[in-house]
Amino acid sequence: MTRTPVTQHESPRPTGRYAGKVAVVTGAGSGIGRAITEGLLTEGATVVANDVAPDALAALGEWATRVGSAERLTGVVADVAVPETAATLVEAATAAGHGRLDALFNHAGVGSATPALEIGEEEWSRVMAINVDAVRRLAVAAGRVMVDQGGGAILNTASVAGTHGLPGRLGYVASKHAVVGITRALAVEWGPLGVRVNAICPGLTETGMSQKLKRTNPEYWAAREAVVPLRRSGLPEEQAAMALFLNSDDAAYVSGLVAEVDGGAHALYSGYTVTRPQT
Ligand SMILES: NC(=O)c1ccc[n+]([C@@H]2O[C@H](COP(=O)([O-])OP(=O)(O)OC[C@H]3O[C@@H](n4cnc5c(N)ncnc54)[C@H](O)[C@@H]3O)[C@@H](O)[C@H]2O)c1
């Protein structure tokens, strides 16, 4: 096999899908958001990483320093439910990107496992403020920049609770259905303006949000894994892989997609989760 020699004066070209791009990630400090941020930095992006937890962002910063990409990372500690946070994040991104913002990962979200007969106004409002209002507000703030520059991509993190009913989780299910609705509404409104909008719907994934459940209720966890066709829960990197694909140019013709990343669980009709006796 012959190899083309690389001459010394040739400078290495960044080859990552996100080389030269500017991205915003919310909920970047742990779990799937951290995996997305690590992937973005590894693939060459300049990243504005938001989280409400300062320690989690500090740990992300230490990682970035270790791998030599700290100069492309800006951490912003803020609660996405505070209305001003959207403008703060978009301004930080356009400052870092000389006016550009190429990709938004609207990822921060909270769970709510309170049955419908028990959920109070305060919990309902908090879930909607983080999972719905903040997602809409940041998508619009980022979308304004993307429309002006003639293109961009937005990825919203929904859930399997965005496409299915789960018992005992009214607030979570309603909020994630709204995330799917925001995704489809913006995809059709902004498609003609060059902005793509997609969503991932993670199934059971091993992150901080779900680890507590695994610890406190291992039987429930095992039962959930047992009905996943791939017979296991997912990893943050496996969710990040789909998110990074959808916001990259590899997905240039993909918009309005609501992608269930759940080991095949959505494909199974629940009536068949009870094994049929063999005769
Ligand atoms: N892990 C799963 O099984 C699973 C399944 C479906 C959907 N999701 C979705 O994934 C997203 C995050 O989950 P994860 O699994 O990465 O969880 P995680 O708990 O590991 O990470 C969530 C991060 O978001 C941050 N955060 C929470 N509220 C915030 C706020 N108001 N402002 C800014 N940051 C905030 C947290 O500090 C944390 O670092 C959520 O939207 C969740 O609904 C997760």
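Atoms OG and CH2, from Ser210 and Trp221 in turn, are 4.0 Å apart once rounded to the nearest 0.5 Å. To the nearest 0.5 angstrom, Leu101 atom CG is 4.0 Å from Met146 atom CE. Of the inter-residue distances, the one linking Leu193 atom CG with Asp148 atom CG reads 10.0 Å to the nearest 0.5 angstrom. In this structure, Glu121 CD and Ile119 CD1 are separated by 9.0 Å, a value rounded to the nearest 0.5 Å. With rounding to the nearest 0.5 angstrom, the CD atom of Glu123 is 10.0 Å from the CD atom of Glu118. The distance from atom CG of Asn247 to atom CG of Leu104, rounded to the nearest 0.5 Å, is 7.5 Å.
Contact annotation: the side chain of Val228 never approaches that of Leu204 to less than 4.5 Å [non-hydrogen atoms, C-beta and beyond]. Using a 4.5 Å heavy-atom threshold, the side chains of Arg169 and Leu166 count as touching. Contact of the Val48 side chain with the Val25 side chain is not registered, since no non-hydrogen atoms from C-beta on lie closer than 4.5 Å. Using a 4.5 Å heavy-atom cutoff, the side chains of Val67 and Ser69 are in contact. Put simply, the side chain of Leu138 reaches to within 4.5 Å of the side chain of Val90, judged on heavy atoms. Residues Val258 and Arg184 are in side-chain contact: their nearest non-hydrogen atoms beyond the backbone lie under 4.5 Å apart. Contact check for Leu170 versus Thr114: no side-chain heavy atoms found under the 4.5 Å cut-off. Contact of the Phe245 side chain with the Arg17 side chain is registered, since non-hydrogen atoms from C-beta on lie closer than 4.5 Å.
Here the rule is side chain to side chain contact (heavy atoms under 4.5 Å, CB included) with Met242, and of Ile36, Ile200, Leu155 only Ile200 fits it.
Asp51 places no side-chain N or O within 3.5 Å of a backbone atom of Leu57 that could act as its donor or acceptor partner. Panel note: side chain Tyr18, backbone Leu244; a donor-acceptor pair is recorded below 3.5 Å. When atom types are taken as modelled, the side chain of His107 and the backbone of Gly33 share a donor-acceptor pair closer than 3.5 angstrom. In this structure a side-chain-to-backbone donor-acceptor pair under 3.5 Å is present from Asp102 to Val22. Between the side chain of Thr94 and the main chain of Arg100, no donor-acceptor pair closer than 3.5 Å is present. Side-chain atoms of Asn50 come within 3.5 Å of backbone N or O of Val76 as a donor-acceptor pair. Counting only distance, with no hydrogens or angles, the side chain of Asn156 and the backbone of Val135 share no donor-acceptor pair below 3.5 Å. At least one donor-acceptor pair closer than 3.5 Å links the side chain of Arg196 to the backbone N or O of Ser248. Side chain of Asp262 to backbone of Val160: no donor-acceptor contact under 3.5 angstrom is found. Proximity of a side-chain donor or acceptor of Asp249 to a complementary backbone N or O of Ala252 within less than 3.5 Å is not detected.
Linking ILVMFWY side-chain heavy atoms closer than 4.5 Å, directly or via other members, places Val110 and Val173 in two distinct hydrophobic clusters. Clustering ILVMFWY residues whenever any of their side-chain heavy atoms sit less than 4.5 angstrom apart, transitively, puts Val47 in a cluster other than the one holding Val52. The hydrophobic clustering, which links ILVMFWY residues whose side-chain heavy atoms are closer than 4.5 Å, places Leu246 and Ile182 apart. No chain of hydrophobic side-chain contacts below 4.5 Å, direct or via other Ile, Leu, Val, Met, Phe, Trp or Tyr residues, connects Phe105 to Val132. Cluster membership check: Val24 does not share its hydrophobic cluster with Leu60, using side-chain heavy-atom separations under 4.5 Å among Ile, Leu, Val, Met, Phe, Trp and Tyr.
Minimum heavy-atom separation, Asn131 to Gly109: OD1-CA, 3.2 Å. When all heavy atoms of Ala64 and Leu41 are compared, the closest pair comes out as CB-CD1, 4.2 Å. Taking every heavy atom of both residues into account, Ala158 and Cys201 meet most closely at CB-SG, 3.9 Å. For Leu73 against Ala49, the heavy-atom pair with the smallest separation is CD1-CB, 3.7 Å.
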Is there a salt bridge (Lys or Arg N to Asp or Glu O under 4.0 Å) between Glu38 and Arg34? Walk through the geometry before answering. CA-CA 6 Å; Glu38 288 187 9; Arg34 164 109 184 216; 2.7 Å; yes

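With salt bridges taken as basic N to acidic carboxylate O contacts below 4.0 Å, one links Glu238 and Arg232. Ion pair Glu225/Arg231 not flagged as a salt bridge, since none of the NZ, NE, NH1 or NH2 atoms sits closer than 4.0 Å to an Asp/Glu carboxylate oxygen. Taking 4.0 Å as the cut-off between side-chain N and carboxylate O, Asp79 and Arg126 count as a salt-bridged pair.
Residues passing the side chain to side chain contact (heavy atoms under 4.5 Å, CB included) test with Thr205, sequence neighbours excluded: Ile32, Pro202, Thr207, Pro236, Gln239.
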